[in-house]
Amino acid sequence: MRTTVGIIGGGPSGLLLSILLDRLGIDNQVLEHRSRAHVQRRVRAGQLDHASVAFLRQAGLAGRLDRLGLPQRGMNLRWRGQTRRIDLEALSGGHSCMVYGQSALTCDLTNALAASGRSPVYGAEDIRLSDPESEPHVITYRKDGAEHRLECRFVAGCDGAHGPARRLVNGAGGGSSKRLPFSWVGVLSETPPVSPELTYAYHPRGFALWSMRSDTVSRTYLQCGADDQAEDWSDDRFWSEMQRRLGPDVTFSPGKVTERLMVRMQGYVADRMQLGNVVLAGDAGHTVPPSAAKGLNLAIADIRELSESFRRLLFEGRQEALAEYAQKALKRAWAGQAFSWQMTDLLHAPPSGDPFESNLKLTRLDSLLASPGQLSLFCRDYTGAEAA
């Protein structure tokens, strides 16, 4: 096969890029090593910020999102045994977020791509990339036991943190990374949300987050030990700890747990997001702690910029377009990293249980909530107001 842009990865980043390039008249092909069913079942992020929602609407891809998404015009913060509702819209200049599962967005993008007559190659195993300076670039892979070649002018690595594109562009161990000394244990359950808006809780025993996927389904998380395993957390242990951290005045009736997972808290930013004809986007170039829900939103921002860069390169002859994209993407990734780590540090209890550090965190939290100026900046970052 031959194409202009070979896209590795059939998640939201790769699918969205394929749709946008197709609309520009730029030939492309998506390769995904998993099956379509696996990709669409894969549960990841669940919140889109204002900038992402606005872009998906502009692109005509938000029909089901607007019907089924759960608007988040505010958020609840619990600390010192009380709840404070933070009015995101009022404090960010009219911006808000939307809870909409990544699996639902993946289905929407898959259907939109199919409507244009295109489809990813699923089950493309052992994907290998040629030299990034080669022309054409050659991607080889196996499917159904046979070897295949895809020749392309450019490669977009949208294949996540463990894909071949990151390794090619940054080498083994390239980039800056840091792991936090705790993890999250999370469950998806048939439990009505405790509030129509997300609830974040600081507690000396650890952080808690109550999110939702619908009026009857919740996704909830607890801070836990760095090396905890999912099987360490029975249903009874999880729900009793959630009740303890939310407080006795927050009532809920635990429902059937349909999924349990562990989230290792870490951040990564690549040294570079472009090498020759190969560019990175989304998790291939950066991952963030999930506390501020920035991962998927950073990926969408990357794709918005990258599609425009391909347009400038191929239709206007701007040879520097991909390098400019890479610079902007890295700057945006570090800004998202900074906010994610700020929010993570603010809301998570020190694993050591050190009362001195705990009181410092509470004092900083009190200061943030008492300062309209600081709180406004926080809400603008949280909702993606600056990127809209």
Side-chain angles (χ1 to χ4, degrees), residues 1 3-22 26-45 52 61 102-114 116 118-130 132 137-143 148-150 152-170 175 268-270 272-275 277-288 295-307 309-310 322 325-326 329 333:
M1 290 191 296
T3 193
T4 302
V5 182
I7 302 172
I8 306 176
S13 297
L15 295 171
L16 181 57
L17 180 60
S18 182
I19 292 168
L20 297 176
L21 293 181
D22 187 60
I26 300 172
D27 192 38
N28 66 89
Q29 179 62 57
V30 178
L31 303 177
E32 167 57 49
H33 78 288
R34 300 283 193 175
S35 68
R36 175 172 174 170
H38 177 91
V39 173
Q40 293 187 343
R41 285 197 310 266
R42 189 163 50 196
V43 178
R44 293 289 188 272
S52 295
L61 297 168
Q102 180 172 318
S103 56
L105 178 61
T106 302
C107 289
D108 295 347
L109 296 175
T110 302
N111 293 335
L113 189 60
S116 69
R118 292 185 175 274
S119 177
V121 174
Y122 291 102
E125 301 176 333
D126 192 24
I127 295 174
R128 299 179 302 279
L129 307 178
S130 63
H137 198 95
V138 179
I139 305 174
T140 59
Y141 62 95
R142 283 186 298 104
K143 181 174 171 60
H148 297 267
R149 286 167 54 97
L150 175 64
C152 46
R153 288 182 61 186
F154 307 98
V155 175
C158 304
D159 48 343
H162 306 292
R166 176 191 284 190
R167 293 194 299 272
L168 178 68
V169 174
N170 287 273
Y268 169 86
V269 179
R272 55 191 174 191
M273 291 185 64
Q274 179 229 356
L275 182 61
N277 295 327
V278 182
V279 290
L280 306 179
D283 285 359
H286 43 75
T287 55
V288 295
L296 178 57
N297 295 295
L298 285 171
I300 291 174
D302 281 354
I303 297 305
R304 177 176 59 184
E305 182 74 32
L306 181 56
S307 62
S309 295
F310 275 123
L322 293 184
Y325 155 76

(message) Nearest 0.5 angstrom please: Asp159 CG to Ser13 OG, how far?
(response) 10.0 Å
(request) Hey, could you give me the CD1/OG1 distance between Ile139 and Thr3, rounded to the nearest 0.5 Å? (result) 9.5 Å
(request) Say whether, by atom type as modelled, one donor and one acceptor occur between the side chain of Ser309 and the main chain of Glu305 under 3.5 angstrom. (result) yes
(request) Compare all side-chain heavy atoms of Val39 with those of Leu15 and state whether any distance is below 4.5 angstrom. (result) no
(message) Do Arg153 and Asn277 have side chains that approach each other closer than 4.5 Å (heavy atoms only, starting at C-beta)?
(response) no
(message) For Phe310 and Val279: C-alpha separation, side-chain torsions, deciding distance, then whether side chain to side chain contact (heavy atoms under 4.5 Å, CB included) applies.
(response) CA-CA 11 Å; Phe310 275 123; Val279 290; 4.3 Å; yes
(message) Any side-chain to backbone donor/acceptor pair from Asp302 onto Ala329? Under 3.5 Å, distance only.
(response) no
(message) Contact between Leu109 and Pro12 at the side-chain level, heavy atoms closer than 4.5 Å - yes or no?
(response) yes
(message) Quick check on Arg128: does its CZ atom have over 12 non-hydrogen neighbours (other residues, nucleotides or ligands) under 6.0 Å away?
(response) yes
(message) Leu168 vs Val155, test: side chain to side chain contact (heavy atoms under 4.5 Å, CB included). Steps then yes/no.
(response) CA-CA 11 Å; Leu168 178 68; Val155 175; over 6 Å; no
(message) Could you tell me if the side chain of Ser119 sits less than 4.5 Å from the side chain of Leu113, heavy atoms only?
(response) no
(request) Any chance you could measure Tyr122, atom OH, to Thr110, atom OG1, to the nearest 0.5 Å? (result) 4.0 Å
(message) Looking at every heavy atom in both Ala156 and Leu306, which two are closest together, and how far apart are they?
(response) CB-CD2, 4.4 Å
(request) Please step through side chain to side chain contact (heavy atoms under 4.5 Å, CB included) for the pair Leu17 and Asn28, ending with a clear verdict. (result) CA-CA 9 Å; Leu17 180 60; Asn28 66 89; over 6 Å; no
(message) Is any side-chain heavy atom of Leu129 closer than 4.5 Å to one of Ile8?
(response) yes
(request) Kindly write out the residues that satisfy ring-ring contact (aromatic ring centres under 6.0 Å, His included) with His38, not counting sequence neighbours, or none if the list is empty. (result) none
(request) Search all heavy atoms of Val288 against all heavy atoms of Gly295 and return the closest pair with its distance. (result) CG2-N, 3.6 Å
(message) Nearest 0.5 Å, please: how far is CZ in Arg36 from OG1 in Thr106?
(response) 11.0 Å
(request) Can you measure from CD (Glu32) to CD1 (Ile7) and round to the nearest 0.5 angstrom? (result) 12.0 Å
(request) Hey, could you give me the CE/CZ distance between Met1 and Arg149, rounded to the nearest 0.5 Å? (result) 11.5 Å
(message) Can a donor-acceptor pair be found, under 3.5 Å and without considering hydrogens, that links the side chain of Ser18 to the backbone of Gly14?
(response) no
(request) Using atom types as modelled and distance alone, determine if a side-chain donor or acceptor of His137 lies under 3.5 Å from a backbone N or O of Ser130. (result) yes
(message) Quick one, Tyr268 with Asn170, criterion side chain to side chain contact (heavy atoms under 4.5 Å, CB included). Give me CA distance, side-chain angles, the key distance, then yes/no.
(response) CA-CA 12 Å; Tyr268 169 86; Asn170 287 273; 4.1 Å; yes
(message) One thing to verify: whether Arg118 and Asp27 come together as a salt bridge, which I'm taking to mean a side-chain N less than 4.0 angstrom from a carboxylate O.
(response) yes
(request) Please report the shortest heavy-atom distance between Leu298 and His286, naming the atom on each side. (result) CB-CE1, 3.7 Å
(message) Show the nearest heavy-atom pair for residues Gly157 and Ala165, with the distance to one decimal.
(response) CA-CB, 3.5 Å
(request) Could you tell me whether the side chain of Ile19 reaches within less than 4.5 Å of the side chain of Ser116, counting heavy atoms only? (result) no
(message) Is it the case that the side chain of Arg166 and the backbone of Ala284 share a donor-acceptor pair, with hydrogens and angles ignored and the cut-off at 3.5 Å?
(response) yes
